[in-house]
Amino acid sequence: MDMQRRDMNCIERVSAEDASALAELYDRYTNQLLYPVALRIVGNRAEAEDVIQEAWLQVWRTANRYDSRRGPVVAWLLTITRSRALDRIRAVAAKSHRETRVENGDRPEAAVPETASTAVHDREREASVRTALDSLESHHRRVLEIAYFDGLSQSRIARDLDVPLGTVKSWTRQALARLRAKLAPEGSL
């Protein structure tokens with residue numbers, strides 16, 4: 001059974017409140033994919049761990065709303081994780097603003113936690129994603145990195161890169177389509 005079918009099976013089981021299916025997805029994606037994304041966005045290990053907990057809680061509560069027509073399970077998991085991480089950043093900023101504290105704005109360097117065991121498939125999937133990202137033209141890769149890791153809106157990206165908003169939207173669509181084309185046949189995403 002290919003990875004997408006296994007993931008779909010897990011989501012169906014999670015919808016039926018099968019905790020072992022959630023654990024299977026957690027083991028498959030947390031350490032190698034979701035945690036590093038959360039950590040890169042929030043820049044703090046404790047915050048990233050909280051983000052991951054919130055993301056998996058959302059998966060548990062909303063698995064019945066997953067729509068395979070919108071993309072593979074792993075993309076849905078990444079979207080949830082990214083959203084929770086950005087929410088965390090906004091909450092921290094709002095709290096800081098309310099308390100009227102002035103902070104220096106430095107974030108600690110993001111570090112990927114060591115994992116007890118790494119499956120060969122996880123390494124292969126990671127390599128496939130890296131290869132696909134590396135194969136993108138630099139402007140395509142840049143807009144994806146800024147949007148997903150820095151959490152900036154397309155309007156802000158356009159301003160920062162000094163290009164029209166329509167160009168950023170076009171680059172984003174093109175980049176995602178190219179990634180999908182490169183990864184979908186392999187079952188990586």
Side-chain angles (χ1 to χ4, degrees), residues 1-42 47-88 110 112-136 140-151 172-189:
M1 182 182 318
D2 74 1
M3 190 58 63
Q4 176 61 11
R5 277 195 232 132
R6 286 176 56 198
D7 290 350
M8 287 290 299
N9 177 270
C10 283
I11 288 296
E12 290 169 5
R13 291 171 35 219
V14 171
S15 294
E17 299 184 355
D18 180 347
S20 67
L22 185 72
E24 184 179 333
L25 286 171
Y26 181 94
D27 290 344
R28 188 175 303 141
Y29 292 115
T30 298
N31 289 333
Q32 292 299 309
L33 185 62
L34 303 179
Y35 181 82
V37 167
L39 184 58
R40 180 155 180 198
I41 293 170
V42 299
E47 294 289 337
E49 289 169 6
D50 288 346
V51 164
I52 292 300
Q53 182 177 0
E54 292 169 9
W56 284 110
L57 184 59
Q58 183 177 345
V59 169
W60 179 255
R61 291 178 179 160
T62 64
N64 61 334
R65 290 190 231 152
Y66 168 73
D67 181 357
S68 62
R69 294 172 297 188
R70 299 194 68 196
V73 171
V74 67
W76 183 66
L77 296 173
L78 278 166
T79 300
I80 289 172
T81 301
R82 178 181 175 271
S83 295
R84 295 296 64 80
L86 294 175
D87 287 349
R88 178 59 57 122
V112 178
E114 291 187 30
T115 59
S117 66
T118 18
V120 171
H121 180 75
D122 289 342
R123 287 192 302 271
E124 288 173 353
R125 181 176 46 245
E126 183 179 345
S128 294
V129 171
R130 282 190 185 151
T131 300
L133 281 170
D134 289 344
S135 73
L136 294 176
H140 286 138
R141 186 175 50 255
R142 179 116 170 98
V143 294
L144 290 183
E145 288 173 346
I146 293 170
Y148 285 92
F149 295 125
D150 296 339
T172 303
R173 273 192 312 274
Q174 292 166 359
L176 291 173
R178 288 180 181 143
L179 284 178
R180 187 176 299 116
K182 288 181 181 296
L183 296 172
E186 299 172 15
S188 297
L189 280 185

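The figures here come from the full heavy-atom set of this structure, side chains too, leaving out hydrogens, waters and symmetry mates. We count residues from 1, following the sequence as given.
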Might you work through the side chain to side chain contact (heavy atoms under 4.5 Å, CB included) test for Arg28 and Asp7, ending with a clear yes or no? CA-CA 9 Å; Arg28 188 175 303 141; Asp7 290 350; 2.3 Å; yes
4.5 Å side-chain heavy-atom contact, Arg13 and Ser20: yes
Atom CD of Glu17 and atom CG of Leu22: how far apart are they, to the nearest 0.5 Å? 11.5 Å
Quick one: do Leu25 and Trp56 satisfy side chain to side chain contact (heavy atoms under 4.5 Å, CB included)? Show the steps, please. CA-CA 9 Å; Leu25 286 171; Trp56 284 110; 3.7 Å; yes
Inter-residue atom distance Ile41.CD1 - Arg84.CZ, 0.5 Å rounding: 11.0 Å
How far does OH of Tyr26 sit from OH of Tyr35, to the nearest 0.5 angstrom? 10.0 Å
If you count every heavy atom of other residues, nucleotides or ligands that lies below 6.0 Å from Arg142 atom CZ, does the total exceed 12? no
So which heavy atom on Ala21 is nearest to which on Cys10, and how close? CB-O, 3.5 Å
What are the two closest non-hydrogen atoms of Ile11 and Ala63, and how far apart are they? CG2-O, 3.6 Å
Trp76-Ser68 side chain donor-acceptor pair, cut-off 3.5 Å: no
For the residue pair Ser135 and Ala132, what are the closest heavy atoms and their distance? OG-O, 2.7 Å
Looking only at heavy atoms, what is the nearest atom pair of Ile80 and Gln58, with distance? CG2-OE1, 3.5 Å
Gap separating the CZ atom of Arg88 from the CD atom of Glu54, nearest 0.5 angstrom: 4.0 Å
What heavy-atom pair brings Pro36 and Thr30 nearest, and what distance separates the two atoms? CD-O, 3.8 Å
Side chain to side chain contact (heavy atoms under 4.5 Å, CB included) evaluation trace for Asn64 with Val14: CA-CA 8 Å; Asn64 61 334; Val14 171; over 6 Å; no
When you look at Tyr29 and Thr81, which way does the side chain to side chain contact (heavy atoms under 4.5 Å, CB included) test go after all the steps? CA-CA 11 Å; Tyr29 292 115; Thr81 301; over 6 Å; no
Between Asn9 and Arg5, do the side chains contain an N or O donor and an N or O acceptor separated by less than 3.5 Å? no
Taken to the nearest 0.5 Å, the spacing of Asp27 CG from Gln32 CD works out to 11.5 Å
Take a 6.0 Å sphere around CD of Gln53 and say whether it holds more than 12 heavy atoms from other residues, nucleotides or ligands. no
Locate the shortest heavy-atom distance separating Arg82 from Ala147; write the atom from each residue and the value. NH2-O, 2.7 Å
Any ion pair linking Asp67 and Arg70 (charged N to carboxylate O, less than 4.0 Å)? no
Would you compute the distance between atom CG of Leu136 and atom CG of Leu179 and round it to the nearest 0.5 angstrom? 4.5 Å
